[in-house]
Amino acid sequence: MIEPRFPITPEQIDLVVTEFYALVRQHPGLGPVFARHVSDWPAHEAKIAGFWRNAILFERSYDGNPMQVHARAGDVRPGMFEPWLGLFDMVLHKHLPAETAAAWSALAHRIGRSLRAGLVPGTTKGVPNLRDDTGFGPPILR
């Protein structure tokens, strides 16, 4: 069994994902974009919680391809990453111990940089580094 990246429960992951998407739906810039692509919020939140449980707890509960999904959406723009990560960080720090929030935030920011590199024209291209900052940790997506 692989040890989790940091201490967190599946219930905490679900809470963060649910509250994050509640804020996204209210956000003037992100809300309309998500509304064009998400018709079943509970199913979307369950899928994203599975992504995070896979990335953090190594549960193998997600089998999608975030890069492909976001590329197919066709409307991911450079200015969307900062508010997305800002809302996510706000929820993390509201609900989790400081060390756990910081660890998850670092992971989310690495994933955000990789998505941006793959989706936003003019961003540095290359193979996304989805390992920890040292480059020696386990891959995020299995």
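Scanning both residues, Ala103 and Phe6, for their nearest heavy atoms gives CB-CD2, 3.4 Å. Residues Ala49 and Val17 come closest through the heavy atom pair CA-CG2, 4.0 Å. Taking every heavy atom of both residues into account, Tyr62 and Lys47 meet most closely at CD1-O, 3.5 Å. For the residue pair Gln12 and Pro97, the shortest heavy atom distance occurs at NE2-CD, 4.4 Å.
Checked options Val16, Leu15, Ile13; the residue passing with Leu96 is Val16 (criterion: side chain to side chain contact (heavy atoms under 4.5 Å, CB included)).
One finds the CZ atom of Phe20 at 9.5 Å from the NE2 atom of His27 (value rounded to the nearest 0.5 Å). Here the straight-line distance linking atom CG of Leu115 with atom CZ of Arg110 works out to 13.0 Å at 0.5 Å rounding. Here the straight-line distance linking atom OG1 of Thr18 with atom CG of Leu23 works out to 11.0 Å at 0.5 Å rounding.
No side-chain heavy atom of His44 sits under 4.5 Å from any side-chain heavy atom of Ser39.
Here Arg25 pairs with Tyr21, Ala22, Trp41, Glu45 under the side chain to side chain contact (heavy atoms under 4.5 Å, CB included) rule; sequence neighbours left out. Annotation: side chain to side chain contact (heavy atoms under 4.5 Å, CB included) contacts of Pro4 (sequence neighbours excluded): Leu57.
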- request: Determine, step by step, whether Arg5 and Phe58 satisfy the side-chain contact (heavy atoms from CB on, under 4.5 Å) criterion, reporting the C-alpha distance in whole Å, the side-chain angles of both residues, the deciding distance to 0.1 Å, and the verdict.
  value: CA-CA 8 Å; Arg5 289 181 182 276; Phe58 303 104; 3.8 Å; yes

- request: Just do the side-chain contact (heavy atoms from CB on, under 4.5 Å) check on Glu82 and Arg116 with the steps written out, would you?
  value: CA-CA 11 Å; Glu82 289 77 15; Arg116 185 178 182 141; 2.9 Å; yes

- prompt: Asp14 and Arg53: side-chain contact (heavy atoms from CB on, under 4.5 Å), yes or no, with the steps?
  reply: CA-CA 9 Å; Asp14 292 345; Arg53 283 192 303 276; 2.9 Å; yes

Name the atoms and distances for all side-chain donor-acceptor pairs under 3.5 Å in residues 83-91, with sequence neighbours left out.
{"residue": "Asp89", "atom": "OD1", "partner": "Ser105", "partner atom": "OG", "Å": "2.6"}
{"residue": "Asp89", "atom": "OD2", "partner": "His109", "partner atom": "NE2", "Å": "2.8"}

